[in-house]
S.K.: 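Could you have a look at this structure, given as structure tokens, before my questions?
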Amino acid sequence: MFCLLKLILMPGLLGYLLGPNDLIVSSLELTVHVGDSALMGCVFHSTEEKRMTKVDWIFSSGKHGKDDYVLYYYANLSVPVGRFQNRVRLAGDISHNDGSLLLQNVEEADQGIYTCEIRLEMESHVFKTPVVLHVLPEEPKEVTIHVGDSALMGCVFQSTEENLMTKVDWMFLPEEHAKEEIMLRYYTKKVPGGYHQYGGRFQNRVNLVGNTARNDGSIRLQGVKESDRGSYTCSIHLGNLTFRKTIMLHVIQKEPQTLATPVAFQPEILGGNQLVTIVGIVCVTILLLPVLILIVKRTYGNKSSVTSTTLVKSLENTMKAHAENHIYSSITTREVIEEEEPSEKSEATYMTMHPAWPSLRSAPNNPLDKKSAGGMPKPEQAF
């Protein structure tokens with residue numbers, strides 16, 4: 001809240017101190033990604049010829065009350081301080097009252113408020129300009145795209161100043177590390193609409209889609225090919241400053257079902273090990289199918305024959321047992337009687353059962369009818 005109030009009141013306070021003809025560019029908020037660079041402007045504009053004698057840049061994270069020095073300039077000497085020592089430099093032209101700061105390789109801990117303090121010759125006032133810096137996670141430096149699709153490659157140099165970019169270069173280095181090629185070159189001041197120069201293989205396939213007024217040199221590559229694999233380096237030139245960013249592009253084939261033409265699918269057919277395996281299995285199955293059918297038939301035939309033989313034998317045994325039970329009856333032989341009864345008995349009586357045949361009953365001269373009256377057999381005496 002204090003920072004916002006400070007931003008609102010700063011222009012009015014400066015106008016009161018400097019007068020209606022004096023102006024200092026107030027701060028703007030910047031949003032950058034980890035690893036990128038940020039140009040924070042600090043330019044003093046005045047109708048009078050007042051020379052800048054001292055510039056200080058101070059950082060405040062907002063988490064504690066302590067402020068850290070980032071850089072100070074005095075007596076034609078620019079000195080980076082603390083953890084910013086190897087990552088900042090004074091990018092502005094002091095002779096034109098420009099004390100802008102370039103911060104490179106931005107880190108997450110760099111998020112906070114950067115305040116520029118300017119002192120002018122023969123002036124006792126200190127003019128301050130705050131810059132609010134927001135830091136986002138690092139952008140991916142590798143992009144994977146399917147053949148035939150479009151690839152958007154961003155390249156933005158974040159700055160509080162506009163219309164600073166003078167040239168954008170895109171260079172391509174193939175994956176096989178051949179000679180580097182020019183992909184696109186854009187000059188902002190060559191002609192009113194800018195001047196474009198394209199490389200041979202990328203002719204009519206690359207477009208500059210970024211807003212060059214905001215230092216945005218992003219491009220779109222259409223109809224990506226397998227030969228487009230490699231690294232793409234973007235260089236944004238702002239006077240004597242250069243911002244570079246490299247992106248690695250990986251190109252892969254689309255899935256077979258998403259391919260639009262059979263020509264693109266043919267290499268997959270010829271070179272696929274899975275297809276060869278499937279064809280081999282089908283061929284072996286076709287060759288072995290008659291053998292399998294013959295084996296099944298023989299097995300089924302043997303089982304049927306054994307089953308039929310077993311059933312026939314079982315039926316014959318059953319019928320034989322029933323026939324014997326019907327024909328034969330219990331016969332008490334003389335020998336059995338003699339064994340059962342004592343030998344002192346001189347005579348014994350026994351009965352013999354004969355089967356009753358229809359033909360014997362109907363015969364008129366049947367001797368059995370004479371011996372038996374009333375249908376009972378006549379007993380015989382044994383001597």
Side-chain angles (χ1 to χ4, degrees), residues 1-11 13-14 17 24-45 52-94 96-120 123-139 156-162 164 214-215 236 238-245:
M1 186 67 184
F2 174 74
C3 296
L4 294 176
L5 182 62
K6 193 176 185 180
L7 290 174
I8 296 173
L9 296 178
M10 184 63 68
L13 179 60
L14 291 176
L17 294 174
I24 185 170
V25 177
S26 59
S27 69
L28 295 175
E29 294 190 6
L30 285 182
T31 301
V32 299
H33 292 270
V34 172
D36 289 349
S37 299
L39 179 62
M40 292 175 276
C42 183
V43 182
F44 182 81
H45 298 277
M52 183 184 297
T53 58
K54 192 174 187 306
V55 178
D56 293 329
W57 277 95
I58 302 171
F59 170 72
S60 175
S61 63
K63 297 179 181 180
H64 52 79
K66 183 181 178 180
D67 297 336
D68 298 325
Y69 267 92
V70 178
L71 176 144
Y72 64 87
Y73 171 85
Y74 181 74
N76 296 327
L77 182 63
S78 176
V79 181
V81 181
R83 64 184 182 90
F84 301 97
Q85 187 172 2
N86 298 321
R87 297 189 296 124
V88 297
R89 69 186 183 95
L90 202 62
D93 186 358
I94 299 297
H96 291 83
N97 295 332
D98 186 354
S100 300
L101 179 74
L102 176 64
L103 174 60
Q104 298 175 317
N105 297 324
V106 174
E107 303 173 357
E108 290 185 5
D110 295 339
Q111 180 168 290
I113 302 173
Y114 293 78
T115 303
C116 171
E117 297 182 354
I118 298 176
R119 290 178 175 83
L120 302 176
E123 287 284 348
S124 59
H125 301 288
V126 177
F127 307 101
K128 298 182 179 181
T129 302
V131 177
V132 181
L133 182 66
H134 302 282
V135 180
L136 300 178
E138 185 177 9
E139 285 185 312
V156 183
F157 183 80
Q158 299 294 344
S159 172
T160 57
E161 303 295 324
E162 296 182 0
L164 293 176
R214 294 185 175 274
N215 304 325
I236 295 181
L238 298 89
N240 60 347
L241 297 178
T242 302
F243 167 74
R244 289 185 175 86
K245 182 177 182 179

S.K.: Can you name the nearest heavy-atom pair linking Ser37 to Leu102, along with the distance?
M.R.: CB-CD1, 4.3 Å
S.K.: CD/Gln104 to CG/Asp36 distance, rounded to the nearest 0.5 angstrom?
M.R.: 11.0 Å
S.K.: Of all heavy-atom pairs between Ala38 and Leu30, which one has the smallest distance, and what is that distance?
M.R.: CB-CD1, 4.3 Å
S.K.: Is the shortest side-chain heavy-atom distance between Leu238 and Asn215 below 4.5 Å?
M.R.: yes
S.K.: Using a strict 4.0 Å threshold on nitrogen-to-oxygen distance, state whether Glu117 and Lys54 make a salt bridge.
M.R.: no
S.K.: Begin from the C-alpha positions of Ile118 and Cys42 and carry the test side-chain contact (heavy atoms from CB on, under 4.5 Å) through to its verdict.
M.R.: CA-CA 8 Å; Ile118 298 176; Cys42 183; 3.3 Å; yes
S.K.: Before you tell me yes or no, could you show the steps for Val156 and Phe243 under side-chain contact (heavy atoms from CB on, under 4.5 Å), namely the whole-Å CA-CA distance, both residues' side-chain angles and the distance that decides it to 0.1 Å?
M.R.: CA-CA 9 Å; Val156 183; Phe243 167 74; over 6 Å; no
S.K.: For the pair Asn97 (side chain) and Met52 (backbone), establish whether a donor and an acceptor sit closer than 3.5 Å, ignoring hydrogens and angles.
M.R.: yes
S.K.: Side chains of Leu241 and Arg89, heavy atoms from C-beta outward: is any pair under 4.5 Å?
M.R.: yes
S.K.: Which heavy atom in Leu90 sits nearest to a heavy atom in Gly99, and how many Å separate them?
M.R.: CD1-O, 3.5 Å
S.K.: Do Glu138 and His33 touch side chain to side chain, with heavy atoms closer than 4.5 Å?
M.R.: no
S.K.: Looking at side-chain heavy atoms only, is the closest gap between Gln158 and Arg214 below 4.5 Å?
M.R.: no
S.K.: Any chance you could measure Asp67, atom CG, to Ser60, atom OG, to the nearest 0.5 Å?
M.R.: 4.5 Å
S.K.: Could you check whether any side-chain heavy atom of Leu136 comes within less than 4.5 Å of a side-chain heavy atom of Thr31, counting everything from C-beta outward?
M.R.: yes
S.K.: Who are the side chain to side chain donor-acceptor pair (under 3.5 Å) partners of Ser159, not counting sequence neighbours?
M.R.: none
S.K.: Once the angle between the rings of Tyr72 and Tyr69 is folded into 0 to 90°, is it parallel (under 30°), tilted (30 to 60°) or perpendicular (over 60°)?
M.R.: perpendicular
S.K.: Return a table of donor-acceptor pairs under 3.5 angstrom between the side chains of residues 74-82 and protein atoms on other chains or two or more places apart.
M.R.:
from  : atom 1 : to    : atom 2 : distance (Å)
Asn76 : OD1    : Tyr73 : OH     : 2.8

S.K.: From the options Val43, Val55, Leu71, Val70, select the one residue that forms a side chain to side chain contact (heavy atoms under 4.5 Å, CB included) with Cys116.
M.R.: Val55
S.K.: Any side-chain heavy atom of Val32 sitting closer than 4.5 Å to one from Leu133?
M.R.: yes
S.K.: Calculate, to the nearest 0.5 Å, the distance between atoms NZ and OG belonging to Lys66 and Ser61 respectively.
M.R.: 10.5 Å
S.K.: Look at the aromatic rings of Tyr114 and Phe84 and report parallel, tilted or perpendicular, splitting at 30° and 60°.
M.R.: perpendicular
S.K.: Between Asp110 and Arg83, is there a side-chain N and carboxylate O pair less than 4.0 Å apart?
M.R.: yes
S.K.: With side chain to side chain donor-acceptor pair (under 3.5 Å) as the test, would you mind laying out the steps for Glu29 and His134 before giving the verdict?
M.R.: CA-CA 8 Å; Glu29 294 190 6; His134 302 282; 3.1 Å; yes
S.K.: Could you tell me if the side chain of Val34 sits less than 4.5 Å from the side chain of Glu108, heavy atoms only?
M.R.: yes
S.K.: With side chain to side chain contact (heavy atoms under 4.5 Å, CB included) as the test, pick out the partner of Ser100 among Leu39, Asp93, Val131, Thr160.
M.R.: Leu39
S.K.: Show, in sequence, the C-alpha distance, side-chain angles and deciding distance for Arg119 and Asp56, and conclude whether the salt bridge (charged side-chain N to carboxylate O under 4.0 Å, His left out) test is met.
M.R.: CA-CA 9 Å; Arg119 290 178 175 83; Asp56 293 329; 3.4 Å; yes
S.K.: Is the closest side-chain heavy-atom distance between Met40 and Trp57 below 4.5 Å?
M.R.: yes
